[in-house]
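Step one of this worksheet: look at the structure below.
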Amino acid sequence: MPELPEVETIRMYLEECLPGRVIRSVTVLLPRLLKNTSPAAFIQALSGSTITAVSRRGKYLFIHTAGPQGMLIHLRMTGRLVYEAEPQEQVPSFGRIIFELDEGRLIYGDVRTLGCLWLVPAAGSTGISGYDTLGPDGISPDFTIAYLQRQLKQCHRPIKSFLLDQTQVAGLGNIYVDEALFLAGISPHRRCATLGAVRVKRLHTAIRQVLAAGLEHGGTTVRNFIDGSGREGQNQDYLHVYGREGTPCPHCGTIIVYEKMAGRGTHYCPKCQK
DNA sequence: CAGGCCCTGCTT
DNA sequence: AAGCAGGGCCTG
């Protein structure tokens, strides 16, 4: 379940490898991953073009090219992008789309095949609604305390649901939301509009903190995550509540609770988080 | 607002 | 053999 830190970890690696590389050919092993184009149009548009940059907004990766079209990718649950400088004989496990480059190759792999790839215009809006409506990125300067306070004030949902909403803040997923709420001492059930200024500020700090920690540790590998070079992250060793139900809260010793909220597994300390 | 859907591999 | 993992989108 790649969230902002995992996607950014991948982006940073690809940014080292890909710019300047020419896409020689594309093999689409699983056409249904292409959401707004046929395999033929996809291959036609990208073959021969030179990759210029790799950017990220929220959990989306944007592979920019020198041509009129770029590629937008969402890894969803189990997508992965791996660059092989020296391609092996066989396609790696779960390889779904292969980009042969002038040097090496880029492989989009996906166990559960829930990921999405789109062909998008190089400039202007992409026409992909999930991307065009993203809120400020969780680690960007645009995501300010004032912005957070303003949005929360007019929202009556539980805070967990708000934080998972990519149009409010981009990049948080289930793991980092549970962690941020723990650090901020806020219950996932808490209604947004009832949060006072002190707690909003604490939440803002906590969001920044968990994302920074995730990045610093190369992402969180709970099940499937590997980075652009095929390595696992280390941030799972630093989680406070996610996946720790039934164990004592690191602050007060109360047993961490697990329950379903809006279809998501939710982990929190009923004593520390109010 | 909750719940279903998509998906597969691992756990129970 | 069923349950579970859940991001984003869709429906009721």
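A, B, ... follow the sequence lines: proteins, then strands. Residue 1 opens every chain.
Between A:Tyr268 and the choices A:Lys160, A:Glu259, A:His240, A:Gln273, the side chain to side chain donor-acceptor pair (under 3.5 Å) rule is met once, by A:Glu259.
A straight line from CG of A:Leu134 to P of C:dC9 spans 9 Å, rounded to a whole angstrom. To the nearest angstrom, P of C:dG8 lies 15 Å from CD1 of A:Ile73. Rounded to a whole Å, the CG atom of A:Asp132 is 14 Å from the P atom of C:dG8. Whole-Å rounding puts the A:Met77 CE to C:dA5 C1' distance at 6 Å. In this structure, CD of A:Glu259 is placed 17 Å from C1' of C:dC4, rounded to the nearest angstrom. As a whole-Å value, the separation of A:Met261 CE from C:dG7 C1' is 16 Å. Nucleotide B:dC6 holds its C1' atom 12 Å from the CG atom of A:Asp110, rounded to whole Å. Taking atom NZ on A:Lys35 and atom C1' on C:dC9, their separation rounds to 11 Å, with Å as the unit.
Within 4.0 Å (heavy atoms only), A:Tyr242 reaches sugar-phosphate atoms of the nucleic acid but no base atom. Across all strands shown, A:Gly130 has heavy atoms under 4.0 Å from sugar-phosphate atoms exclusively, and none from any base. Here A:Arg96 lies out of heavy-atom contact (under 4.0 Å) with every strand. Using a 4.0 Å heavy-atom distance criterion, A:Pro158 is classed as a sugar-phosphate-only contact.
Remark on the helix from B:dC1-C:dG12 to B:dT12-C:dA1: inter-end axis angle 60°, axes from five-pair C1' superpositions, rounded to 10°.
For A:His74, a side-chain nitrogen or oxygen approaches OP1 or OP2 of C:dG8 to under 4.0 Å. For C:dA5, the OP1/OP2 oxygens have a side-chain nitrogen or oxygen of A:Lys260 closer than 4.0 Å. For A:Tyr176 and C:dG6, the shortest distance from a side-chain N or O to OP1 or OP2 is not below 4.0 Å. Between A:Gln166 and C:dG8 there is a side-chain N or O to OP1 or OP2 distance below 4.0 Å. Distances shorter than 4.0 Å separate none of the side-chain N or O atoms of A:Arg112 from OP1 or OP2 on C:dG7. Listed pair A:Arg76 / B:dC7 fails the phosphate criterion, with no side-chain N or O lying under 4.0 Å from OP1 or OP2.
The pair A:Arg264-A:Asp178 does not meet the salt-bridge criterion, since no charged nitrogen lies less than 4.0 angstrom from a carboxylate oxygen. Ion pair A:Arg24/A:Asp102 not flagged as a salt bridge, since none of the NZ, NE, NH1 or NH2 atoms sits closer than 4.0 Å to an Asp/Glu carboxylate oxygen.
In this structure, of B:dC1, B:dC7, C:dG7, it is C:dG7 that holds the atom nearest to the side chain of A:Asn174. Of the candidates C:dC9, B:dG9, B:dC1, B:dC1 carries the atom nearest the A:Ser161 side chain, counting heavy atoms from C-beta on.
Both tests hold for A:Arg57 against A:Tyr131: distance to the six-membered ring centre under 6.0 Å, angle to the ring axis within 45°.
Between the side chain of A:Arg264 and the base of C:dG7 there is at least one donor-acceptor pair of N/O atoms closer than 3.5 Å.
At least one donor-acceptor pair closer than 3.5 Å links the side chain of A:Glu3 to the backbone N or O of A:Tyr176. Within the 3.5 Å criterion, the main-chain N or O of A:Leu164 finds a donor-acceptor partner in the side chain of A:Gln166. Side-chain atoms of A:Asp137 never come within 3.5 Å of backbone atoms of A:Gly171 as a donor-acceptor pair (strictly under, hydrogens ignored).
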Identify each donor-acceptor pair in which a side-chain atom of residues 243-250 of chain A lies under 3.5 Å from a protein atom, sequence neighbours left out, and give them as a table.
unit_1	atom_1	unit_2	atom_2	d
A:Thr247	OG1	A:Arg244	O	2.6

